[in-house]
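In what follows, a structure is listed as structure tokens, so that the remarks can point back to it.
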Amino acid sequence: MIQLEEICFSYEEEPVVSYFSIDIKKGESILLNGPNGCGKTTILKIINGLLFAEYGDYYFEGDKVTKELLRDQQFSKWFHQQIGYVFQDSTIQLFCASVEEELSFAPEQMGLNSDEVTTRVEDVITLFELEKLRKRAPYTLSSGEKKKVAIASVLTANPSVLIFDEPFSGLDNKTVKKVQELLCQLQKMGKTMIITSHDPWAEEVLQARSVEMK
């Protein structure tokens, strides 16, 4: 489903990722391991089409993903509907005037009818217990609340691939448990998941394939 071949990337001529390769099958759970600064987040952004490798190739469902291909509106829309990305810093992911608008943004952009949008929004509000927050502006939320809203907003698009960059950071114990339960549910549903985390839970419980980055 996802192939990265000999990927290299640098920031200001400082190499971060050198000749990294991985083949991810549909429905597989992957745990990217490694110390801070080894390029885990960079790889996530390349998979999501936010960065492009200086050397090496990226294939998604058989298509070679390039800047040129993502300029094709039809492909770009399809591609970004397939991949949901939950940033480590939820603040940069939230931009709407209210939590409710944040949750409805993705399905509305997908062109779903109002009933389907409402159903998806209400489902995640119930799942994450966001009823009291639905009218709040995201910038007024705590870090844990922002994380919950960010994850919920990605789920309303129902992507086939879910990318979580340190999904448990900034969460209280109750919310960590809920997110862990959700990841297990998503795995059973056949979602492809790519996770970075220093918590061994993903490898132990999800039995995610651990990929070491150096």
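- Inter-residue side-chain proximity for Tyr58 and Lys64 is flagged as unmet; no heavy-atom pair is nearer than 4.5 Å.
- Under the 4.5 Å side-chain criterion, counting only non-hydrogen atoms from C-beta, Val161 is in contact with Phe60.
- Ring planes of Phe79 and Phe75: parallel class, angle under 30° (limits at 30 and 60°).
- The side-chain heavy atoms of Glu129 and Lys174, taken from C-beta on, include a pair separated by under 4.5 Å.
- Contact check for Phe128 versus Leu182: side-chain heavy atoms found under the 4.5 Å cut-off.
- Hydrophobic clustering (side-chain heavy atoms under 4.5 Å, transitive across Ile, Leu, Val, Met, Phe, Trp, Tyr) groups Phe20 together with Val65.
- Residues Ile30 and Ile2 fail the side-chain proximity criterion, which asks for heavy atoms closer than 4.5 Å.
- No donor-acceptor pair closer than 3.5 Å links the side chain of Glu131 to the backbone N or O of Thr126.
- Between the OH atom of Tyr85 and the CD1 atom of Ile47 there is a distance of 9.5 Å, given to the nearest 0.5 Å.
- Note: the hydrophobic cluster containing Val179 also contains Leu130 (ILVMFWY, side chain heavy atoms under 4.5 Å, direct or indirect links).
- In terms of hydrophobic clustering, with Ile, Leu, Val, Met, Phe, Trp and Tyr side chains grouped at heavy-atom distances under 4.5 Å, Val86 and Ile125 are assigned to a common cluster.
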message: Checking Met1 against Ile24 for the side chain to side chain contact (heavy atoms under 4.5 Å, CB included) test, could you report, in this order, the C-alpha distance in whole Å, the side-chain angles of both residues, the deciding distance, and whether it holds?
response: CA-CA 6 Å; Met1 185 179 197; Ile24 302 173; 5.8 Å; no
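- Here the closest non-hydrogen pair linking Val117 and Ser104 is CG1-CB, 3.7 Å.
- Identified under the ring pair (Phe, Tyr, Trp, His ring centres under 6.0 Å) test for residues 190-211, with sequence neighbours left out: Phe168-Trp201.
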message: As a quick check of understanding, evaluate side chain to side chain contact (heavy atoms under 4.5 Å, CB included) for Gln82 and Glu61, giving each step before the final call.
response: CA-CA 10 Å; Gln82 301 307 306; Glu61 294 280 28; 5.7 Å; no
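- Using a distance-only test at 3.5 Å, with no hydrogens or angles considered, no donor-acceptor pair links the side chain of Glu203 to the main chain of Pro200.
- Within a 6.0 Å radius of CD in Gln207, other residues, nucleotides and ligands contribute 12 heavy atoms or fewer.
- Residues Leu31 and Leu162 share a hydrophobic cluster, clusters being chains of Ile/Leu/Val/Met/Phe/Trp/Tyr side chains in contact below 4.5 Å.
- Note on Leu127 and Leu186: same hydrophobic cluster, where clusters join Ile, Leu, Val, Met, Phe, Trp and Tyr whose side-chain heavy atoms are under 4.5 Å apart, directly or indirectly.
- Residues Lys191 and Asn158 share a closest heavy-atom pair of NZ-OD1, 2.7 Å.
- Atom CD of Gln93 is separated from atom NZ of Lys147 by 8.5 Å, given to the nearest 0.5 angstrom.
- Heavy atoms of other residues, nucleotides or ligands lying less than 6.0 angstrom from CD of Glu68 number more than 12.
- Residue Gln74 places its CD atom among 12 or fewer non-hydrogen atoms of other residues, nucleotides or ligands, all under 6.0 Å distant.
- Using a 4.5 Å heavy-atom threshold, the side chains of Ile195 and Pro167 count as touching.
- Atom CG of Asn113 has more than 12 neighbouring heavy atoms from other residues, nucleotides or ligands inside a 6.0 Å radius.
- In this structure, Thr196 OG1 and Met213 CE are separated by 10.5 Å, a value rounded to the nearest 0.5 Å.
- Side-chain atoms of Asn48 do not come within 3.5 Å of backbone N or O of Leu50 as any donor-acceptor pair.
- Here the closest non-hydrogen pair linking Leu206 and Gln187 is O-NE2, 2.8 Å.
- A donor-acceptor contact closer than 3.5 angstrom links the side chains of Thr175 and Asp172.
- Closest non-hydrogen pair, Ser10 versus Pro15, comes out as OG-CA, 3.3 Å.
- Note that the CE atom of Met193 and the CD atom of Glu28 stand 11.0 Å from one another [nearest 0.5 Å].
- Not one N or O on the side chain of Ser76 forms a donor-acceptor pair closer than 3.5 Å with the backbone of Asp72.
- Salt-bridge check for Glu122 with Arg134: passed, with a basic side-chain N closer than 4.0 Å to an acidic carboxylate O.
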query: Where do Lys135 and Ser98 land on the side chain to side chain contact (heavy atoms under 4.5 Å, CB included) test, with the steps shown first?
result: CA-CA 5 Å; Lys135 300 300 181 183; Ser98 71; 5.6 Å; no
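- Of the possible donor and acceptor atoms, none in the side chain of Thr156 sits under 3.5 Å from a partner among the backbone N and O of Arg120.
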query: For Ser18 and Lys214, what are the C-alpha separation, side-chain angles and deciding distance, and is it a side chain to side chain contact (heavy atoms under 4.5 Å, CB included)?
result: CA-CA 9 Å; Ser18 298; Lys214 300 178 181 179; over 6 Å; no
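- Counting heavy atoms of neighbouring residues, nucleotides and ligands inside a 6.0 Å radius, atom OH of Tyr55 does not exceed 12 of them.
- The line from NZ of Lys67 to CG of Leu51 is 9.5 Å long, rounded to the nearest 0.5 Å.
- Rounding to the nearest 0.5 Å gives a distance of 6.5 Å between OG of Ser21 and CD of Glu5.
- Looking at every heavy atom in both residues, Leu103 comes nearest to Ala152 through CD2-CB, 3.6 Å.
- Side-chain contact between Val205 and Leu183 is absent, with no heavy atoms from C-beta onward closer than 4.5 Å.
- Under the 4.5 Å side-chain criterion, counting only non-hydrogen atoms from C-beta, Ile22 is not in contact with Ile43.
- In terms of modelled atom types and a separation under 3.5 Å, the side chain of Lys45 and the main chain of Lys40 share no donor-acceptor contact.
- Here the options are Val154, Ile83, Thr192, the test is side-chain contact (heavy atoms from CB on, under 4.5 Å), and the partner is Pro159; only Val154 passes.
- Between Ala53 and Phe9, the closest heavy-atom pair is CA-CD1, 4.3 Å.
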